[in-house]
Amino acid sequence: MRTRGIRGLGTPLQLLRMLRSLYRRERDIDVLHVNWLQNALALPRSATPLLVTVLGTDMAMLRLPGMAAALRRVFRGRGVFICPNAAWMVPELERRFGDLARVRHVPFGIDPRWYAVERTPANPSRWLCVSRLTKAKIGMLFSWGEAAFSGTDRELHLFGPMQEPLAVPEWVHYHGPATPEALCSEWFPTARGLVTLSAHAEGLPQVMLEAMAATLPIVASRIPAHVDLLQHGSTGWLCDSRDGFAAALGELEDDVRNHETGLRAREFVRSRVGTWDDCAARYAHIHRELAAS
């Protein structure tokens, strides 16, 4: 869809036809676990209980005409749990579907290797941004970041695939896509922190959870997903202006404040999110609830 323009408009319809064929073929099912609301659109009418997960892009999809009504038809007549991966989505989902489904926030997990990262920030300071390169995901980073990074002793290292044609400024160290292994072993241990000024419809960005587990302080734009995750001034910094962004970076250049913020962030996600085993246990508990209903 991203690369074929108008010729790619049939792709989602083809996917939905394939999913509907799968759903009709697999009949001996106790509980359906469907990732993303959009993939539930093709479910045939039945009484089979359903757990459906929700990401930020699903919330944007719900604003399209007819989408909420189509999902209500899918949910009617069966036991349903709607499980967003971020708490900020819960009120809207309850408003739209609370009469047909139970809504429960279920965060994803974090691989244990991120909790094991031992961090010693390099000099000069290295700030990381790990993101797909689109206009919405980059947000104001290049605009606000120029004064904070260009001609200073700070470095901004950007990782991620170029998915829209964007001009990357010369003062940005752009590395292209990076593997989790490289980030965990090479970049996170020496970074001063993570920055994201995304204006995208984020759910709960996995890279932010991993950064917090690795004790990286985060400086982030003030969008619902970031406000939901970060406690401003405690486990990270939120900003909504060029001056606020520069001030947040300055606060976290202090070694003691940086270290303490990172430790609070790690303990926050350890207690609230845990590992993928914890995530699986949360889903398994809901599967049992649905199977027993």
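- Counting heavy-atom neighbours within 6.0 Å of Met18 CE, excluding the residue itself, gives a total of 12 or less.
- A single hydrophobic cluster is not seen to contain both Val54 and Trp36; linkage of ILVMFWY side chains at heavy-atom distances under 4.5 Å, directly or through other members, places them apart.
- Using a 30° and 60° split on the angle between ring planes, His232 and Trp237 fall in the perpendicular class, above 60°.
- Atoms CE and OG1, on Met212 and Thr261 in that order, are 10.5 Å from each other to the nearest 0.5 Å.
- Here Leu216 contributes atom CG and Asn258 contributes atom CG; the two are 8.0 Å apart, rounded to the nearest 0.5 Å.
- Between Trp114 and Phe188, the angle of the ring planes lies from 30° to 60°, which puts this pair in the tilted group.
- When ring centroids are compared, Phe108 and Trp276 come within the 6.0 Å threshold.
- Taking hydrophobic clusters as Ile, Leu, Val, Met, Phe, Trp and Tyr residues chained together by side-chain heavy-atom distances below 4.5 Å, Leu19 does not share a cluster with Leu55.
- The nearest pair of heavy atoms linking Val273 to Arg282 is O-NH2, 2.9 Å.
- Of the listed residues (Arg119, Arg266, Glu118), just one forms a side-chain hydrogen bond (donor to acceptor under 3.5 Å, both in side chains) with Thr215, and that residue is Arg119.
- Using a 30° and 60° split on the angle between ring planes, Phe245 and Trp144 fall in the tilted class, from 30° to 60°.
- In plain terms, the two heavy atoms of His287 and His33 that are nearest each other are NE2-ND1, 2.9 Å.
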Steps toward side-chain hydrogen bond (donor to acceptor under 3.5 Å, both in side chains) verdict (Ser46, Arg78): CA-CA 7 Å; Ser46 79; Arg78 67 171 93 221; 3.3 Å; yes

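- When every heavy atom of Arg20 is checked against every heavy atom of Ala42, the shortest pair comes out as NH1-O, 2.9 Å.
- Considering OG1 of Thr11 and CG of Leu15, their distance stands at 9.0 Å, rounded to 0.5 Å.
- Closest non-hydrogen pair, Cys83 versus Ile286, comes out as SG-CD1, 3.7 Å.
- Taken from OG1 in Thr53 to CG in Asn85, the straight-line distance is 7.5 Å, to the nearest 0.5 Å.
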